[in-house]
Student: 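The structure is given below, and queries will be raised subsequently.
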Amino acid sequence: MPLRCSRNARAANVLIYANPASCLPETLKSVPVDKLLKREGHRSTTVETLDQLAAILAGGRFDVVLAASSVVAAVEKLVGTTPEAPVVVAFCPKQDAKVAEGSGKAPCAVKAPPKEGALLEAIDKAVLKHDKDLRKTRATG
């Protein structure tokens with residue numbers, strides 16, 4: 001049975017936006033993120049274009065979207081702000097991490113190359129936030 005980083009986190013449906021212009025595709029080649037997520041009980045889907053991202057978001061339910069910090073703003077625009085919307089987790093290569101800190105870009109949740117624990121912890125935190133947002137909506141609705 002997979003071990004969860006957080007006792008309260010559950011298996012997530014993770015969408016990976018591996019835009020070819022971002023650092024993410026190169027990082028995914030060096031770190032088996034899909035295998036890591038699967039080993040921990042998560043389901044993952046990878047897309048490469050904004051059109052693919054928009055189509056899959058419209059047709060599926062996701063808890064987390066993993067995207068490079070350089071494209072997070074575009075992803076958040078597509079995802080929206082509803083409580084059902086997946087939580088976007090920013091992924092930064094080392095060379096972009098310092099730039100993102102002072103640039104107004106999305107803060108790095110995971111630095112590349114990712115450490116397994118850091119990636120899983122970021123996903124678990126995003127799942128907990130997603131579920132908390134849903135509970136709030138159901139309680140007030």
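We count residues from 1, following the sequence as given.
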Student: Is it true that F91 and L36 fall in one hydrophobic cluster, defined by side-chain heavy atoms closer than 4.5 Å?
Tutor: yes
Student: List the residues meeting side-chain contact (heavy atoms from CB on, under 4.5 Å) with T81, not counting sequence neighbours, and say none if there are none.
Tutor: none
Student: Could you list the donor-acceptor pairs under 3.5 angstrom formed by side chains in residues 45-56, with sequence neighbours left out?
Tutor:
residue, atom, partner, partner atom, Å
T49, OG1, Q52, N, 3.0
Q52, OE1, E48, N, 2.7
Q52, OE1, T49, N, 3.1

Student: Which atom names give the shortest non-hydrogen contact between A68 and S22, and what distance separates them?
Tutor: CB-CB, 3.4 Å
Student: Measuring only between side-chain heavy atoms, which start at C-beta, is D63 closer than 4.5 Å to R10?
Tutor: yes
Student: Mind running side chain to side chain contact (heavy atoms under 4.5 Å, CB included) on K115 and E121 for me, showing each step along the way?
Tutor: CA-CA 10 Å; K115 293 186 172 129; E121 183 179 343; over 6 Å; no
Student: Do D34 and K38 meet the salt-bridge criterion of a basic N to acidic O distance under 4.0 Å?
Tutor: no
Student: Looking at every heavy atom in both G41 and A11, which two are closest together, and how far apart are they?
Tutor: O-CB, 3.1 Å
Student: Does the pair L66 and L119 meet the rule for a side chain to side chain contact (heavy atoms under 4.5 Å, CB included), with working shown?
Tutor: CA-CA 10 Å; L66 183 62; L119 176 61; 4.2 Å; yes
Student: Determine whether H42 and L120 make a side-chain contact, defined as any pair of heavy atoms from C-beta on separated by less than 4.5 Å.
Tutor: yes
Student: Test V127 against every option in N13, V87, V64 by the side-chain contact (heavy atoms from CB on, under 4.5 Å) rule and name the one that passes.
Tutor: V64
Student: Are D131 and R135 close enough, and set up right, to give a salt bridge (charged side-chain N to carboxylate O under 4.0 Å, His left out), and what steps lead you there?
Tutor: CA-CA 6 Å; D131 290 351; R135 280 192 304 275; 5.0 Å; no
Student: Kindly determine whether N19 and L24 satisfy side chain to side chain contact (heavy atoms under 4.5 Å, CB included), including the steps that lead there.
Tutor: CA-CA 7 Å; N19 179 318; L24 210 46; over 6 Å; no
Student: If every non-hydrogen atom of V75 is compared with every non-hydrogen atom of Y17, which pair is closest and at what distance?
Tutor: CG2-CD2, 3.4 Å
Student: Which value, rounded to the nearest 0.5 Å, describes the distance between E116 atom CD and L37 atom CG?
Tutor: 10.0 Å
